[in-house]
Protein chains: 2
Amino acid sequence: MAETMRRKARLSAEERRALLEDAACACIARGGIRDFTVDKVVAEAGVSRGLITHHFGSMDGLLVAVYTRMYRDWLAVMEEPRPGLSRIEAMVEALVSPALFDREVVNIWLTLWGEIANNPVLRDTHRALYGDYRAAIMTALEEAAQANGREIDAETVATAFICLVDGFGVQRCVEPALLSEEKARAACWAFLRPHIGDQVGAAR
Amino acid sequence: MAETMRRKARLSAEERRALLEDAACACIARGGIRDFTVDKVVAEAGVSRGLITHHFGSMDGLLVAVYTRMYRDWLAVMEEPRPGLSRIEAMVEALVSPALFDREVVNIWLTLWGEIANNPVLRDTHRALYGDYRAAIMTALEEAAQANGREIDAETVATAFICLVDGFGVQRCVEPALLSEEKARAACWAFLRPHIGDQVGAAR
DNA sequence: GCTGATACTATACAGTTGTTCAGCAAGGAA
DNA sequence: TTCCTTGCTGAACAACTGTATAGTATCAGC
């Protein structure tokens with residue numbers, strides 16, 4: 001901020017990587033996979049063309065890094081404990097919170113899904129990470145069901161719940177006006193309650 | 001088939017357009033938006049490079065045509081009446097039928113969503129068509145609810161249901177093994193029953 | 001100071017992108 | 001037959017794609 005000098009700072013590899021991932025996210029958020037190009041990312045980051053190859057080996061490498069970061073951030077918000085809320089309640093609130101429900105964030109996810117579906121490198125990365133997300137949701141579901149003395153097929157319910165949430169993402173990208181935060185929250189509970197019971201937490 | 005002559009046939013504009021849309025679908029199904037290029041589409045169709053511009057004006061024009069056709073086909077299968085089933089039952093069966101649940105079909109949809117989110121031309125096309133889909137689902141929901149003497153906020157339920165179905169698409173593209181036809185059908189009914197009641201049709 | 005490692009730039013490269021356009025050829029109308 | 005419309009080709013175009021690489025600048029350890 002107080003940096004009046006415009007000289008290019010020499011950053012650590014880690015810092016520069018993070019900066020390039022930021023720039024890549026900004027580009028993808030703005031224009032999807034078509035804006036994920038060398039020229040656009042380096043222009044956004046304000047660095048030279050060679051840096052992407054230098055730090056990530058290739059554009060695929062950068063995309064993998066973007067996916068990994070998005071995934072890590074997503075999971076962190078999902079698992080953030082919220083005072084007075086049960087695990088599953090906290091997750092639902094996280095899902096409709098500005099940090100995750102944001103259209104730009106979700107546009108990046110939509111783009112990444114498209115890549116996972118068609119790019120083997122991304123697919124491998126996804127396979128390696130995705131299990132944690134499923135596991136976290138299953139645990140929260142089992143916890144809630146148990147609190148209500150219910151039996152639950154956590155795997156099946158989790159799969160369907162993830163579909164619902166992914167569908168929110170699609171909807172937010174394609175026609176944001178039709179799906180408000182409140183509607184999404186209501187839809188989550190309408191879907192979950194029949195499976196995990198009415199009393200889903202201390203505060204509800 | 002019995003055409004031994006390899007001479008290029010001169011087709012009507014309509015026939016050739018359909019052929020190019022077919023080719024474009026095949027390319028997108030195979031590799032997403034990155035395989036939707038002039039060279040790949042014309043190679044798939046076995047025609048010269050100039051033909052796309054000639055018939056569709058631009059690649060955007062072809063993509064709009066692909067979206068329009070996908071949309072029309074989708075809606076046709078959804079609204080196909082099935083003997084012994086109510087409207088909503090027929091729709092759920094359509095959704096998990098090979099014609100719509102197919103991974104290639106759904107990969108095209110995922111690609112199109114990505115484009116709708118970021119390409120103004122596609123977005124306009126989507127806006128112009130999407131209402132019919134929502135309306136069809138709302139009507140089917142209201143019909144089912146009424147048959148059970150239930151009140152229903154068809155718009156809200158339809159929105160959430162569409163999200164669930166879109167999420168199936170994402171899941172089928174990203175990790176097909178996790179979501180079988182049976183699981184999808186079960187998830188649909190688990191979601192719908194609390195809203196429209198238990199007796200959802202003559203055959204159930 | 002010197003030295004080696006490495007963050008970083010800038011250019012060059014071959015291949016691909018979408019679009020334009022001049023011209024060919026098939027088929028109907030006269 | 002002689003037109004004219006139009007489906008269709010193939011080459012040419014400038015802009016852009018990702019990557020390789022030679023060279024420069026900066027830092028840490030000595």
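Bear in mind the structure is a predicted one, so any value in this text is a computation, not a measurement. Per chain, numbering begins at 1; letters A, B, ... match sequence-line order.
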Using atom [atom1] of [X] as one end and atom [atom2] of [N] as the other, report the distance to the nearest whole Å.
X: B:R17; N: D:dC8; atom1: CZ; atom2: C1'; result: 14 Å
X: A:R49; N: C:dA12; atom1: CZ; atom2: P; result: 13 Å
X: B:E14; N: D:dG7; atom1: CD; atom2: P; result: 12 Å
X: B:E15; N: D:dG7; atom1: CD; atom2: C1'; result: 12 Å
X: B:R16; N: D:dC8; atom1: CZ; atom2: C1'; result: 8 Å
X: B:F56; N: D:dG7; atom1: CZ; atom2: C1'; result: 13 Å

With sequence neighbours excluded, give me every salt bridge (Lys or Arg N to Asp or Glu O under 4.0 Å) pair touching residues 153-173 of chain B.
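Every salt bridge (Lys or Arg N to Asp or Glu O under 4.0 Å) pair that includes a residue of residues 153-173 of chain B, provided the two are not neighbours, is B:R134-B:E155.
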
Which pairs pass salt bridge (Lys or Arg N to Asp or Glu O under 4.0 Å) with one or both residues in residues 123-132 of chain B, sequence neighbours excluded?
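Those involving residues 123-132 of chain B are A:E175-B:R127.
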
Sub-3.5 Å pairs of nitrogen or oxygen atoms, protein against nucleotides 1-6 of chain D:
{"from": "D:dT6", "atom 1": "O2", "to": "B:R10", "atom 2": "NH2", "distance (Å)": "2.9"}

Does this structure show an ion pair linking A:E93 with A:R185, if we count only N-O contacts that are shorter than 4.0 Å?
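Looking at A:R185 together with A:E93, the answer is yes, because their closest N to O distance falls below 4.0 Å.
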
Salt bridge B:R17-B:E21, side-chain N to carboxylate O under 4.0 Å
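Salt bridge: no.
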
Under 4.0 Å, heavy atom to any atom of DNA chain D: which of residues 33-42 of chain A qualify?
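Going residue by residue through residues 33-42 of chain A, the ones with a heavy atom under 4.0 Å of DNA chain D turn out to be A:F36, A:T37, A:V38, A:D39.
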
What nucleotide among D:dT9, C:dT9, C:dA7 has an atom nearest to a side-chain atom of A:S48?
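Comparing D:dT9, C:dT9, C:dA7 against the side chain of A:S48, the answer is C:dT9.
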
Report which part of the nucleic acid A:I52 touches: base, sugar-phosphate, or nothing (heavy-atom distance under 4.0 Å, all strands).
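Answer is nothing: A:I52 stays at 4.0 Å or more from every strand.
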
How would you label the contact of A:S12 with the nucleic acid (heavy atoms, under 4.0 Å): base, sugar-phosphate, or nothing?
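A:S12: no heavy atom of the nucleic acid under 4.0 Å.
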
Looking at residues at least two apart in the chain, or sitting in another chain, which of them share a ring pair (Phe, Tyr, Trp, His ring centres under 6.0 Å) with [X]?
X: B:Y71; result: none
X: A:H195; result: A:F191
X: B:F56; result: none

Let me have DNA chain D in dot-bracket notation, would you? Count Watson-Crick plus G-U wobble pairs, both distances under 3.5 Å, and use [ ] for pairs crossing earlier ones and | for inter-strand partners.
||||||||||||||||||||||||||||||

Going by the rule side chain to side chain donor-acceptor pair (under 3.5 Å), which residues pair with [X] if we only count those two or more places apart in sequence or in a different chain?
X: A:D102; result: none
X: B:E143; result: B:R87
X: B:Q146; result: none

A:K40: salt bridge (Lys or Arg N to Asp or Glu O under 4.0 Å) partners, not counting sequence neighbours
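Partners of A:K40 by the salt bridge (Lys or Arg N to Asp or Glu O under 4.0 Å) criterion, ordered by chain and then number, come out as A:D35.
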
